[in-house]
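Working notes, structure below.
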Number of protein chains: 2
Amino acid sequence: MAPTNKKDQKVSLHTVERLSAYRRKLEELGLDEVEYIHSHELAALVGVTPAQLRRDLASFGSYGNISRGYDVRRMSRTISQIIGTDRIQNVALVGVGDLGRALLSYRGFEERGFHITAVFDVDPDKVGRVFAGRRCYGLDKLETVLSDLQIRILILTARPEGLQDVVDRGIRAGVRSFLNFVPKSLSVPEDCFVENIDISAKLEKLSFLSRKKAQMEVNA
Amino acid sequence: MAPTNKKDQKVSLHTVERLSAYRRKLEELGLDEVEYIHSHELAALVGVTPAQLRRDLASFGSYGNISRGYDVRRMSRTISQIIGTDRIQNVALVGVGDLGRALLSYRGFEERGFHITAVFDVDPDKVGRVFAGRRCYGLDKLETVLSDLQIRILILTARPEGLQDVVDRGIRAGVRSFLNFVPKSLSVPEDCFVENIDISAKLEKLSFLSRKKAQMEVNA
DNA sequence: GTCTGTGAAGCTCTTCACAGCG
DNA sequence: CGCTGTGAAGAGCTTCACAGAC
């Protein structure tokens with residue numbers, strides 16, 4: 001293993017998640033002709049502490065001007081480069097159920113530099129049909145289409161059954177990471193990534209928080 | 001402030017998120033007539049380390065049997081009680097766009113003890129229409145309906161414009177927590193909670209991770 | 001004075017590793 | 001033996017607080 005270049009590995013995962021929020025806000029500000037912004041202002045807008053914002057930005061060596069603050073457009077561009085959304089990325093989606101269809105018609109992705117190019121489903125009734133402008137392929141075409149389109153990111157909104165198999169085949173076809181909406185734990189090799197979104201679990205977390213607070217009031 | 005009861009506050013937020021996964025798996029196991037399970041087995045099934053699982057379970061004083069392991073059904077019931085899903089909870093949803101409609105027809109919520117009872121939208125064309133069996137109310141009915149149905153959790157899938165206002169009005173009508181799909185930071189009082197799900201940000205995180213890996217290969 | 005960038009402290013979560021039980 | 005529960009160590013993230021620039 002090569003000794004990690006110090007400039008690289010410093011960006012932590014929590015930082016990356018916040019970078020998205022920073023960039024979104026910076027884009028808005030850029031459209032409003034704002035040229036420079038101070039850490040405490042941007043921090044307030046996205047809901048973090050000024051110290052954390054400065055730390056996050058410093059982690060990739062972004063130098064702000066001391067008297068004027070940070071250059072809005074330059075910072076926005078830099079973050080795009082870091083997260084890799086400075087050019088459009090093609091992604092694919094497996095499972096054209098309710099959630100899958102919703103994501104297909106979600107405009108937010110395009111705005112942020114992602115384009116859902118290919119769509120797959122097991123259901124023979126869905127194969128061949130067109131959803132939000134994309135023709136749906138059968139799972140048998142998975143490897144071919146993913147390789148041809150050089151898809152690196154796969155969105156999973158299918159049934160849990162056989163999902164790991166889809167993942168394994170995707171990886172063999174060049175996919176590097178998965179956005180998984182299915183409440184099922186997936187295993188991937190070390191150089192691939194899974195990001196889970198479990199909507200029910202989030203609701204359960206809220207349920208716990210509300211309940212805990214109610215208990216505390218009783219205790220008090 | 002009353003001195004926090006030691007038994008209470010010990011459960012950390014990260015633990016709560018994992019509890020959902022544990023409970024789901026325990027339910028499956030219960031259906032398969034599994035009576036007891038060891039930490040390393042369950043840990044492997046949900047994808048955490050055995051030590052972490054034991055720590056999580058110990059945080060609310062769940063005592064497993066040393067030779068047989070953990071009682072599957074009892075543990076499942078206990079977790080339900082902790083997160084408050086031992087009885088059905090009514091939730092409401094604001095914003096019947098694509099994502100909102102998808103969530104309305106998503107069966108997963110009911111399975112986990114949540115029922116979307118009321119639906120709201122600003123669009124006059126949508127008000128009065130029925131979506132997945134729920135009649136859509138106008139935002140002017142927000143306070144009345146939320147209070148009447150005693151809604152404590154609100155799902156936000158609307159436009160960013162005016163969202164903070166919906167939040168404020170919801171809180172006055174008794175809402176305690178929000179599941180927010182809108183990429184906009186919201187502010188709530190200390191005794192209320194917001195859980196954000198930013199799908200684009202997750203994609204950006206994956207984009208970063210894939211890209212970073214590619215860079216490292218170049219460096220190596 | 002105000003602001004950035006950053007050591008250092010503080011805090012939280014995770015992992016280790018082992019006592020104690022069966 | 002193997003397993004649980006848990007102190008203790010470790011790793012990672014956040015906040016403090018201040019030097020230095022303006």
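Letters A, B, ... are given to chains in the order of the sequence lines, protein chains preceding strands, and every chain is numbered from 1.
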Please check if the number of heavy atoms outside E143(A) that lie under 6.0 Å from its CD is greater than 12. yes
Whether over 12 other heavy atoms sit under 6.0 Å from R159(A) CZ
no
Take atom [atom1] of [X] and atom [atom2] of [N], then tell me their distance rounded to the nearest Å.
{"X": "R54(A)", "N": "dG7(C)", "atom1": "CZ", "atom2": "C1'", "result": "13 Å"}
{"X": "L57(B)", "N": "dT6(D)", "atom1": "CG", "atom2": "P", "result": "12 Å"}
{"X": "R18(A)", "N": "dG12(D)", "atom1": "CZ", "atom2": "C1'", "result": "12 Å"}
{"X": "L53(B)", "N": "dT15(C)", "atom1": "CG", "atom2": "P", "result": "12 Å"}
{"X": "E17(A)", "N": "dC13(D)", "atom1": "CD", "atom2": "C1'", "result": "12 Å"}
{"X": "Y36(B)", "N": "dG2(D)", "atom1": "OH", "atom2": "C1'", "result": "18 Å"}
{"X": "R68(B)", "N": "dT4(D)", "atom1": "CZ", "atom2": "P", "result": "13 Å"}
{"X": "Q52(A)", "N": "dG10(C)", "atom1": "CD", "atom2": "C1'", "result": "14 Å"}

**Asked** Between Y22(B) and D56(B), is any side-chain donor less than 3.5 angstrom from a side-chain acceptor?
**Response** yes
**Message:** Could you check whether R107(B) pairs with E110(B) (Lys NZ or Arg NE/NH1/NH2 to Asp/Glu carboxylate O, under 4.0 Å)?
**Reply:** no
Only one of L99(B), L93(B), N196(B) passes side-chain contact (heavy atoms from CB on, under 4.5 Å) with F181(B), and that residue is L99(B)
- prompt: NA contact type, R55(B), heavy-atom cut-off 4.0 Å: base, sugar-phosphate, or nothing?
  reply: base
Let's see if you can work this out: which of [options] has an atom nearest to the side-chain heavy atoms of [X]?
{"X": "I66(A)", "options": "dG20(D), dG20(C), dC16(C)", "result": "dG20(D)"}
{"X": "S39(B)", "options": "dT14(C), dT4(D), dT6(C)", "result": "dT4(D)"}
{"X": "S12(A)", "options": "dT4(C), dC13(D), dG5(C)", "result": "dC13(D)"}

Walking DNA chain D from its 5' end, the first of N65(B) and H14(A) to be reached, judged by nearest nucleotide, is N65(B)
Phosphate OP1/OP2 of [N] contacted by [X] side-chain N/O (<4.0 Å):
{"X": "H38(B)", "N": "dG2(D)", "value": "no"}
{"X": "T49(A)", "N": "dT15(D)", "value": "yes"}
{"X": "H40(A)", "N": "dC3(C)", "value": "yes"}
{"X": "Y70(B)", "N": "dG5(D)", "value": "yes"}

Residue pair A58(A)/L13(B) against DNA chain C: nearer the 5' end by closest nucleotide is A58(A)
